[in-house]
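See below for the structure under consideration.
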Protein chains: 2
Amino acid sequence: MAVVDRRKQVIEAAEKSFALFGYKATTMDHVAKIANVAKGTIYTFFTNKEELFDEILRSVILEMKRISEQEVREDRPFFENLYHSMDSLLEYRAEHELLIKLFQEVRDFATPQAREGLEKIEHAILDYLEKQVERAAQLGEINGLDPKVVSFVILKLYIALTSDWNKIHDPLSKEQIKEFTRRFLSGGLSPA
Amino acid sequence: MAVVDRRKQVIEAAEKSFALFGYKATTMDHVAKIANVAKGTIYTFFTNKEELFDEILRSVILEMKRISEQEVREDRPFFENLYHSMDSLLEYRAEHELLIKLFQEVRDFATPQAREGLEKIEHAILDYLEKQVERAAQLGEINGLDPKVVSFVILKLYIALTSDWNKIHDPLSKEQIKEFTRRFLSGGLSPA
DNA sequence: GAAATGACTAAAATTCAATTTCGGTCATTT
DNA sequence: AAATGACCGAAATTGAATTTTAGTCATTTC
């Protein structure tokens with residue numbers, strides 16, 4: 001198109017700035033500058049800073065959904081799909097600049113908007129996980145425990161192994177995590 | 001005894017004050033006042049405020065150990081013992097004034113000493129849990145997954161169900177938690 | 001005349017010096 | 001020898017002055 005797409009410019013600038021400086025330290029003036037746009041222009045597309053942030057989050061969530069769906073094959077067993085989904089999801093979570101920055105911000109400054117943002121992402125993951133769990137339950141691949149609780153516990157399990165664990169021990173390798181979750185989720189603690 | 005036990009007076013005063021005001025808001029002057037003792041006297045027993053706090057923590061940990069051991073019968077199955085231990089432990093954690101105050105303090109002020117205190121307690125629980133898990137593994141009651149990881153995951157599972165869950169949903173009843181953990185730990189997600 | 005601008009405002013955040021609080025000491029008292 | 005509490009310096013708190021920033025809107029641009 002002949003005229004520049006200012007909305008896109010704003011979004012791209014905001015993506016960069018939020019990922020680089022986090023929510024609090026991103027100023028609307030700065031976003032406008034990077035976007036090569038006057039500040040007022042931002043407000044013709046987004047009612048305020050939080051809305052702009054929301055837009056970025058929405059696209060992150062969409063991207064995460066796309067990534068994890070890539071790993072799912074309808075004909076593969078639930079555990080296989082689950083492992084690949086969680087693995088790529090948590091890798092994304094651990095490597096995406098914006099998410100890293102938001103984690104830091106929550107830890108160091110407790111910025112409410114950053115916390116809420118991460119909660120939204122976690123919620124989206126849970127929603128998606130729940131659907132997979134429900135499907136597996138219907139196919140009789142897993143037992144009938146409440147899918148809401150099951151998906152919640154699965155997510156917490158993965159976070160425990162990939163991140164909480166590292167606060168007191170050396171990180172587990174991907175192979176160790178895969179092996180542990182496979183055995184733990186498929187048979188619990190019962191002897192083989 | 002004829003002479004008053006000043007050490008005991010100090011400890012009791014500190015227990016009260018830490019439980020009532022948390023770490024940061026407890027002043028040595030105030031502890032001295034409650035204990036009916038001059039401030040200098042405290043320093044003949046404890047080198048500094050952190051040491052005094054540590055003394056209180058140590059007795060809390062001892063009390064938790066006592067409580068959870070009360071629930072363990074060598075002749076009962078591992079899962080039974082585990083459930084009763086965790087249940088009483090987490091109930092204690094949720095009801096003990098000092099621990100409640102420390103959780104608040106970590107949440108609201110991020111006081112390092114309060115955080116470290118809670119970490120010490122969690123570590124003590126993990127140590128104890130690990131021993132139970134090792135014993136059960138030796139008896140062939142559970143499989144041979146790494147006891148360190150298993151106990152870590154068990155603790156995280158209980159915390160997920162008894163406290164994390166409540167941040168987004170109505171609390172689960174004790175019965176629901178018991179039933180879920182029993183089925184989940186003994187058989188994973190596999191169909192019955 | 002619709003879209004874009006950027007100077008402007010009110011509110012929020014930051015700074016910093018003055019003041020207060022508090023952990024820890026130690027000369028004196030019991 | 002044990003206990004005390006006035007005292008000290010460091011750290012935390014306060015609040016007034018200053019700066020920053022989200023959001024507005026009269027003006028300009030195309």
Side-chain angles (χ1 to χ4, degrees), chain A residues 1-18 20-57 101 104-106 108-117, chain B residues 1-18 20-57 101 104-106 108-117:
Chain A
M1 68 182 74
V3 270
V4 270
D5 186 344
R6 287 166 208 279
R7 189 171 197 278
K8 196 175 162 197
Q9 280 178 301
V10 169
I11 288 177
E12 279 170 8
E15 268 170 5
K16 278 182 201 147
S17 183
F18 284 129
L20 211 52
F21 306 110
Y23 183 88
K24 200 175 75 154
T26 286
T27 70
M28 297 302 261
D29 276 313
H30 191 218
V31 172
K33 193 128 178 213
I34 307 176
N36 258 317
V37 139
K39 190 161 51 156
T41 305
I42 301 177
Y43 288 90
T44 63
F45 301 120
F46 304 98
T47 55
N48 55 38
K49 188 179 172 182
E50 290 205 42
E51 279 278 315
L52 177 58
F53 183 54
D54 252 29
E55 174 69 26
I56 310 298
L57 277 184
K101 202 71 207 176
Q104 279 177 17
E105 199 173 342
V106 169
D108 301 340
F109 308 104
T111 314
Q113 290 89 347
R115 190 179 42 71
E116 281 157 25
Chain B
M1 68 182 73
V3 270
V4 267
D5 185 344
R6 288 169 207 277
R7 189 172 197 278
K8 195 176 161 195
Q9 280 177 300
V10 169
I11 289 177
E12 279 170 8
E15 267 170 6
K16 277 182 202 146
S17 184
F18 283 130
L20 211 52
F21 306 110
Y23 182 87
K24 200 176 75 154
T26 286
T27 70
M28 296 302 262
D29 276 313
H30 191 219
V31 171
K33 192 129 179 214
I34 306 176
N36 255 318
V37 137
K39 189 163 49 158
T41 305
I42 301 177
Y43 287 89
T44 63
F45 301 121
F46 304 96
T47 56
N48 55 38
K49 188 179 172 182
E50 291 204 42
E51 279 279 316
L52 177 59
F53 183 54
D54 252 29
E55 173 70 25
I56 310 299
L57 277 185
K101 201 71 207 176
Q104 280 177 17
E105 200 172 343
V106 169
D108 300 341
F109 307 104
T111 315
Q113 291 88 348
R115 189 179 42 73
E116 282 157 25

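Heavy-atom basis, side chains included; hydrogens, waters and symmetry copies ignored.
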Quick one: does A:Ser17's side chain have a donor or acceptor within less than 3.5 Å of a partner on A:Ala14's backbone?
no

Applying side chain to side chain contact (heavy atoms under 4.5 Å, CB included) to A:Ile34 and A:His30, what does each step give before you reach the verdict?
CA-CA 6 Å; A:Ile34 307 176; A:His30 191 218; 3.7 Å; yes

In Watson-Crick or G-U wobble terms, both distances under 3.5 Å, what is the partner of D:dC30?
C:dG1

OP1 or OP2 of D:dT13 sitting under 4.0 Å from any side-chain N/O of B:Lys24?
yes

Derivation of the side chain to side chain contact (heavy atoms under 4.5 Å, CB included) call for A:Thr27 and A:Phe21
CA-CA 9 Å; A:Thr27 70; A:Phe21 306 110; over 6 Å; no

Segment of DNA chain C, first to last nucleotide, that comes within the 4.0 Å heavy-atom reach of chain A:
C:dA4 to C:dT14

Stretch residues 30-46 of chain B: residues that reach within less than 4.0 Å of DNA chain D through a heavy atom
B:Val37, B:Ala38, B:Lys39, B:Gly40, B:Thr41

For B:Lys49 and B:Thr26, indicate whether the former's side chain and the latter's backbone hold a donor-acceptor pair under 3.5 Å.
yes

Can you tell me how far C1' of D:dT24 sits from CG of A:Asp29, to the nearest Å?
13 Å

Check the pair B:Glu51, B:Phe45 against side chain to side chain contact (heavy atoms under 4.5 Å, CB included), reporting the backbone distance first and the verdict last.
CA-CA 9 Å; B:Glu51 279 279 316; B:Phe45 301 121; over 6 Å; no

Whole-Å distance between D:dA1 P and B:Arg7 CZ?
20 Å

Pair B:Phe46-B:Asp54, side chain to side chain contact (heavy atoms under 4.5 Å, CB included): steps then yes or no:
CA-CA 10 Å; B:Phe46 304 96; B:Asp54 252 29; over 6 Å; no

Please check this pair: side chain of B:Glu105 against backbone of B:Tyr23, looking for a donor-acceptor N/O pair closer than 3.5 Å.
yes

Output the rounded distance in Å from CG (B:Asp5) to C1' (D:dA3).
14 Å

With a 4.5 Å heavy-atom cut-off, do A:Thr41 and A:Gln9 have their side chains touching?
no

